[in-house]
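Worksheet for the structure shown next.
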Number of protein chains: 2
Amino acid sequence: MKKETRKEEIIRVAAQLFKQKGYSAVTMRDLAKAMDMQAASLYNHINSKQAILQDIILEIAEAFTEGMNVVISESNSSVEKLNALIALHVRIAINNPEGLAALNTDWMHLEEKLDYYLQLRNDYENNFRAIIVEGIKNDELKPVDVEVILFSMLSTLRSLYLWIPKKDAIKRQQLLEDLTTVLIQGINK
Amino acid sequence: MKKETRKEEIIRVAAQLFKQKGYSAVTMRDLAKAMDMQAASLYNHINSKQAILQDIILEIAEAFTEGMNVVISESNSSVEKLNALIALHVRIAINNPEGLAALNTDWMHLEEKLDYYLQLRNDYENNFRAIIVEGIKNDELKPVDVEVILFSMLSTLRSLYLWIPKKDAIKRQQLLEDLTTVLIQGINK
DNA sequence: GTCTATAGGACGATAGAC
DNA sequence: GTCTATCGTCCTATAGAC
């Protein structure tokens, strides 16, 4: 494990604050206070507040894109692909819940990089949708409206960052199994 | 239908802006521009920016509390209660998607009313959890971890405001039926 | 790499004329 | 009920000393 640079530390602490209050409500003075330094000193490590947001969001968005490509190329059945996507979301949510919070709630405050982010998100959703369509076509999934399935799964998976931090390590292992059951098999007996 | 007062109009337009950029990023000058008036003039109708947020969020939070009380007193089986809760969320999301956005993403910017809001939300979640526990106990639901079921259902239902506006009226009627299938029966064939 | 000082502008909100 | 003018504060970011 490489030692964390000062810049990485600032970005990590910023993500924590963004999760609590949102990007717009966090000031550089707030961030400086949490880092135990003066606001002006932050600018020796980062270029702007906006650049911090870009770092946080784009790193995760690109991890999802990469993960999706692996799932598409390596998994076989549609249900297998959906299982792999659930695992992808759980893994990223455990690794970086604060960054995911920023991605989910503050993406609209991206400036130059907004279009790039929206393109990544759109591609991801289209790939997710195609897997569901395929699953219905080959009779693996119930013939429910594709958009409703997509919406329900993505809503749950995108909210994981809110719940993961409340679970201890043991329960997190169980989470993946239970979540797969609920999302794929339903809760009705 | 009563005619909309100027105050109600301001609050409605504010909710639209809050949904787009979040409470902190919307300025009174933004709101004034959307209302086609000067920022100072807003203060003849509302007391403060904070008071607008309170109006939007607490009205919806209280509607959920009232809806939950009706569900608990009127429905019989656990699955029936869950069906009624899904319908409650769909109804409120259709009526006021902008207000729901503020409730979901800007509740932490409530000041004096924050504790009251958190109490309502906590009571609501406890009632929801009790219904799931009851359903597992009387063998209506699969014995999956209660928190995972609660998390999955609430995540989907709380995100409805993002998807409802994208659907036309016909598809909205279908939404309730499909959503119930997905959330209760699962998607696996 | 951190500090003090501050530029230059935007913020929420009020005063008072009409 | 809306306007113009403005107050006092806070914002992001830079300059320059150490």
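Below, all heavy atoms of this structure are taken into account, side chains as well, without hydrogens, waters or symmetry copies. We name chains A, B, ... by the order of the sequence lines, and we start the count at 1 in each one.
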- prompt: Could you state the CE-P distance from B:Met37 to C:dA13, rounded to the nearest angstrom?
  reply: 15 Å
statement: B:Lys33 atom NZ is separated from C:dC11 atom P, nearest whole Å, by 11 Å
message: Can you see whether A:Ser155 engages B:Ser155 through a side-chain donor-acceptor pair at a distance of less than 3.5 angstrom?
response: no
query: For atom CD of A:Glu59, is the number of surrounding heavy atoms from other residues, nucleotides or ligands below 6.0 Å larger than 12?
result: no
query: Nucleotide by nucleotide, 5' to 3', does protein get under 4.0 Å of the base (B), only the sugar-phosphate (S), or neither (-) in nucleotides 4-18 of chain D, counting heavy atoms?
result: BB-----BBBB----
query: Angle class for the A:Tyr124/A:Phe64 ring planes (parallel below 30°, perpendicular above 60°, tilted otherwise)?
result: perpendicular
task: Report yes or no: is the cationic atom of A:Lys19 (NZ for Lys, CZ for Arg) closer than 6.0 Å to the six-membered ring centre of A:Tyr161, at no more than 45° off its axis?
output: no
query: Of the options A:Glu140, A:Arg129, A:Lys81, which is the one that meets A:Glu134 in a side chain to side chain contact (heavy atoms under 4.5 Å, CB included)?
result: A:Lys81
